[in-house]
Each structure stands twice: as C-alpha cells, then as structure tokens.
Amino acid sequence: MSRELKRGTLEMVLLALLRERERYGYEIVTELEGRSGGAFEMKEGTLYPVLYRLEEAGHVEAHWRTQERGVPRKYYRITASGEAELGRQVAGWRAFVSVMDVMLGEGGEP
Amino acid sequence: MKTIDDYVAAVSRHLPPGFAASRGVGAELRDHLADRMLAGDTEAEAIARMGEPSEVAEAFLAGFRMRRAPLPRRAAAFLVDMALGLVVVVPLLFFMFQAIGFWEETRALWFGVLALLVGGVAIAALVLGVVYFPAAEAIWGRTLGKWLFGLCVVNESGARIGWKSAIIRRIPFYFEFFWIDAVFAFFTRDRQRAFDRVAGTRVVVCEPAAESPAGPARG
C-alpha cells in the first residue's frame, strides 16, 4: 500500500479502532499490523504524533494508568467529536471508492 | 542508538524545550519499547522499529502550530541577556583599571599581577559573551533571558536548531548592523529578523516543562 494512501487513511483507521474500545499505543500498532496483514506496517514512533493530533483536535482523549509493573501507560479513547469525525471520514471514503470504481470501470453510477 | 534512554533522549533533543516533558513523550515511547521487548524483540530491534529520532520528532511537530513570540517579550529577554553580560564584565573592567592605577602609583608587583589576572578574566568574559548567544541557543534552545520569558528558538518545522543556524542568526550582532536586521521583525509574518530568515529560525513561545502526566490507576 502506498505511503500516501496509508498516511491519508491512518486517522480514520485509528478512530475506528478506538471506537471499539480504548487502547494504548503499542496495542494499536500490533492491531493495525495484524488486521491489515502487514499492509499498515509503519515506523511505530510516528503513530504517536497522529494520536496527539487527534487529541489536540478533541477527537480522542487520553488518560494515564499505572500498570502492575509500575510503569504508567497512556490509554486513548474516542470522544463524541471523534465519532462524528469518523462518520464523516468513512462517508467520504466510501464516496471516493464508489467514484474510483466507476472511473476504473468496476461499478455503476456513483 | 544503544539504549532506550539514548533513543528517547535523541527524540527529545530534536523537540523544542519543554515540548516532550509536557506531553509525556518520553514515558510513552519507553512504555512502547518495553512492550516490544516483552514481545521478544531485542532492545536494538525495538528501537529500529520506531524510526529515526529526527523523523519521529518532525512527525510530532508537523501537527502543532507554535505561537510566535511577541516582540515586547523578545525585547525584554534580549535586555536581560545584555544586562547579564554587563553585570559580569563591567565590574571586572572596573577592578582591572583600578589595579592598573594602583600599580602605576605604587609600582607594587602584586597590583600589576592583579591587573593582569582581572584583565584576563574580563577578556574571557567578553569572549564568552560573544559565544553565549549561539552556544545557549544551540545547546538548550534558548538563552537565560528567553528562558525567563518562556521563549525559545526553533527552525521552520519547530525542531531545535543546530550550531550553524545559531551562529548565522547572530551575525548582525557581531558586525554591528543588528538594528537594521531587527527592523525586519516588524514586517515578517513570523516576526523573523532578516538573519532569522537566512538561518531558517524563528523565536516562539515554548510551553513550560511539566511532569509526566502519569496519573493514578483508574477503574
């Protein structure tokens, strides 16, 4: 999968994962790689800036929780604003896929 | 990049002062790397998966708009830095000339030696004053005056500057055309002096460093 395509859809995919339940960074990375069959493999450190942008935009919120081994871990969960943003992005993506199907001769009218 | 601590420090070094600490970047990266190692990676493998520190730092900064430093605060920070220099150098020069005066009157050897010693220290202080600005900005991202007023110097992407940029932006001070250079700050969008534009730097408001926001256990 091209880098631009991954970059353009990463926020949407992250919001979709967080809609299922709250998660922490490493868990998100392994979930992304596992579900996509490696298509969403990425430099793992670059995940956090995307999460921080979503947090700054109010689409996710974060809280710290201390683990059994005494190390604090930051968990992310989607907000109402994030749900709305996810809905908007998914609608936009589906519309885009429909148009591309038509352009590539794969489907009917958009 | 030998250890997790080295990696986290390398990422933080590319970020403006206080940025990493205020967002718990270090704690989060460490936790992630520890999880990788628990899953079976060696420390080196876990670090390799994270990406180059500069790449990760640039990604952090890509989504953040840093507020440009208000001109009055920049001016105040500059005055504080200049006052520091005067407070150190002026008394030294005063004592040096006093010692020279006493030596001329008395021809006592120890006054001459004292004048030489104090003069040497004054010259060293002057030299330090010349390198103070670029050194402080290259090493810590800001001078003491900027630190007092919550400002720092970053490059166009928001990352810390290096020695080359720190020296270039100081050239007007060394060749005494600072006032012409400073006028540009009134007309550029990011309040950049002319040599800030040449060096690709800007002065911004830096957030104060805060403790890692690791909170109490919940649920």
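Just so we're on the same page: letters track the sequence lines, and every chain starts at 1.
- B/F173 carries B/R170 over the face of its six-membered ring, with the cationic atom under 6.0 Å from the centre and within 45° of the normal.
- Residue with the most contacts toward chain B among A/E44, A/E27, A/E55: A/E44 (heavy-atom pairs, distance under 4.5 Å).
- If you measure heavy-atom distances from B/A48 to chain A, the contacts under 4.5 Å come from the backbone alone.
- For the pair A/K74 and A/Y52, the cation-pi test (distance below 6.0 Å, angle within 45°) is passed.
- With respect to the salt-bridge test (charged N to carboxylate O, under 4.0 angstrom), the residues B/D41 and B/R49 qualify.
- When the heavy atoms of residues 5-12 of chain A are compared with those of chain B, none of the residues falls under 4.5 Å.
- Only the side chain of A/V29 comes within contact range of chain B, judged by heavy atoms closer than 4.5 Å.
- A salt bridge does not link B/R36 to B/E43: none of the charged side-chain nitrogens sits closer than 4.0 Å to a carboxylate oxygen.
- Remark: the backbone N or O of A/Y75 is not paired with any side-chain donor or acceptor of A/R65 at under 3.5 angstrom.
- We find that A/E20 and A/R77 are not joined by a salt bridge, their nearest charged nitrogen and carboxylate oxygen being 4.0 Å or further apart.
- Taking 4.0 Å as the cut-off between side-chain N and carboxylate O, B/D190 and B/R68 do not count as a salt-bridged pair.
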